[in-house]
Amino acid sequence: MFLGINHVGLVVKSIDETMEVLKLFGAEEKGRKTIPERGQTSCMVRLGSGMFELMEPYGDTGVVPKFLAERGQGIHHVSLLCDDVEAEIAHLTEKGIRILGTPDNPDRVVFTHPKSTNGVLYELTDKPFEE
């Protein structure tokens, strides 16, 4: 069962510059980590009851540098929280949704292929962000 929106992922040129703007709205940084193999630094940000993941390029290769070069800053994905990611993968696959990856990673994350979800990249996880 899907429980709701976990966070919205935003590709940004600079986490620090973006945080300066988000702080004007009352946002608070909750954690930052660099993931060299993905070419990104991620920063989780709480704003009221919602969360953003700010994704800044780290190096020249990976999804985030490519996204920024091709599309500029903006929404990258919507993360959906579910109670059982394997069950949701099976359900969505049965309905014709293409799933990218497997949940055998520390964040228990997979993505839908945007061509099967009307152009939107959804991240699916059953592991909520822990503050």
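Model, not experiment: these values are computed from the prediction.
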> Does anything in residues 1-29 pair up under salt bridge (charged side-chain N to carboxylate O under 4.0 Å, His left out), and if so which pairs, sequence neighbours excluded?
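Residue pairs passing salt bridge (charged side-chain N to carboxylate O under 4.0 Å, His left out), neighbours aside: D16-R32, E20-K23, E28-K30, E29-R32.
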
> Measuring from atom CE of M51 to atom CZ of R46, what distance do you get when rounded to the nearest 0.5 angstrom?
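Those atoms lie 5.0 Å apart.
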
> Would you say that more than 12 heavy atoms from the other residues, nucleotides or ligands in this model lie under 6.0 Å from the CG of D60, or not?
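Atom CG in D60 is not packed in, count stays at 12 or less.
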
> Does atom CD1 of I5 have more than 12 heavy-atom neighbours, drawn from other residues, nucleotides or ligands, at distances under 6.0 Å?
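Count not over threshold, so no.
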
> Would you check if the side chain of E56 reaches a backbone N or O of V11 as a donor-acceptor pair within less than 3.5 Å?
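A pair under 3.5 Å: no.
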
> How long is the span from the CZ atom in F52 to the CE atom in M19, to the nearest 0.5 Å?
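Nearest 0.5 Å value for the CZ-CE distance: 10.5 Å.
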
> Quick one: pull up CG in L10 and CE in M55 and give me the separation to the nearest 0.5 Å.
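One finds 7.0 Å between CG of L10 and CE of M55.
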
> Report yes or no: do V110 and Y122 belong to one cluster of Ile/Leu/Val/Met/Phe/Trp/Tyr joined by side chain heavy-atom distances under 4.5 Å?
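Linked within one cluster.
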
> Ignoring hydrogens, what is the shortest heavy-atom contact between C82 and F2? Give both atom names and the distance.
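Heavy atoms of C82 and F2 come nearest at CB-CD2, 3.8 Å.
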
> Can you measure from OG1 (T61) to CD (Q40) and round to the nearest 0.5 angstrom?
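Here the interatomic distance stands at 11.5 Å.
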
> Are I97 and V78 connected in a single hydrophobic cluster, I mean Ile/Leu/Val/Met/Phe/Trp/Tyr linked by side-chain heavy atoms less than 4.5 Å apart?
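In one cluster: yes.
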
> Take H113 and I99, measure what side-chain contact (heavy atoms from CB on, under 4.5 Å) needs, and give me the verdict at the end.
CA-CA 6 Å; H113 194 290; I99 301 296; over 6 Å; no

> Between V45 and A27, which heavy-atom pair has the shortest distance, and what is it?
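Scanning both residues, the minimum pair turns out to be CG1-CB, 3.6 Å.
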
> If I compare all heavy atoms of V85 with all of P103, which pair ends up nearest, and what's the gap?
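Taking V85 first and P103 second, the nearest heavy atoms are CG1-CB, 3.7 Å.
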
> Measuring from atom CD of E88 to atom CG of L81, what distance do you get when rounded to the nearest 0.5 angstrom?
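If we round to the nearest 0.5 Å, E88:CD and L81:CG are 10.5 Å apart.
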
> Taking the side chain as every heavy atom from C-beta outward, state whether L92 and L124 have any atom pair closer than 4.5 Å.
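Yes, their side chains come closer than 4.5 Å.
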
> Between L121 and H76, does the side-chain contact (heavy atoms from CB on, under 4.5 Å) criterion hold? Intermediate values first, please.
CA-CA 7 Å; L121 180 67; H76 179 264; 3.4 Å; yes

> Measure across V120 and T112 and return the closest heavy-atom pair with its distance rounded to 0.1 Å.
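Looking at all heavy atoms of both residues, the closest pair is O-OG1, 3.8 Å.
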
> Judged by atom type as modelled, is there a donor-acceptor pair below 3.5 Å linking the side chain of S79 to the main-chain atoms of N6?
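The answer is no, because no donor-acceptor pair under 3.5 Å joins these two groups.
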
> Got more than 12 heavy atoms from elsewhere within 6.0 Å of CD1, I75?
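Not more than 12 within 6.0 Å, no.
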
> Would you name the heavy atoms of I15 and L54 that are closest together and state the gap between them?
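That closest heavy-atom pairing would be CD1-O, 3.9 Å.
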
> Once you round to the nearest 0.5 Å, how far does CG of D107 lie from CZ of F129?
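If we round to the nearest 0.5 Å, D107:CG and F129:CZ are 10.5 Å apart.
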
> May I ask whether V12 and F67 are part of the same hydrophobic cluster, defined by side-chain heavy atoms of I, L, V, M, F, W, Y residues being less than 4.5 angstrom apart, directly or through others?
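No, separate clusters.
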
> For R108, does its backbone N or O pair with a side-chain atom of T125 as donor and acceptor, under 3.5 Å?
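Pair found, side chain donor or acceptor close to backbone of R108.
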
> Got a donor-acceptor contact below 3.5 angstrom from the K127 side chain to the P106 backbone?
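Side chain of K127 to backbone of P106: a pair is present.
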
> Side-chain heavy atoms under 4.5 angstrom apart, residues restricted to Ile, Leu, Val, Met, Phe, Trp, Tyr: same cluster for V21 and M44?
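Hydrophobic grouping puts V21 apart from M44.
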
> So do Q73 and L68 actually touch side chain to side chain, heavy atoms under 4.5 Å?
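Yes, close enough: below the 4.5 Å cut-off.
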
> P57 and P65: which non-hydrogen atoms are nearest, and at how many Å?
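That closest heavy-atom pairing would be CB-CG, 3.9 Å.
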
> Can the ring centres of F111 and H77 be said to be less than 6.0 Å apart?
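Centroid separation for F111 and H77: below 6.0 Å.
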
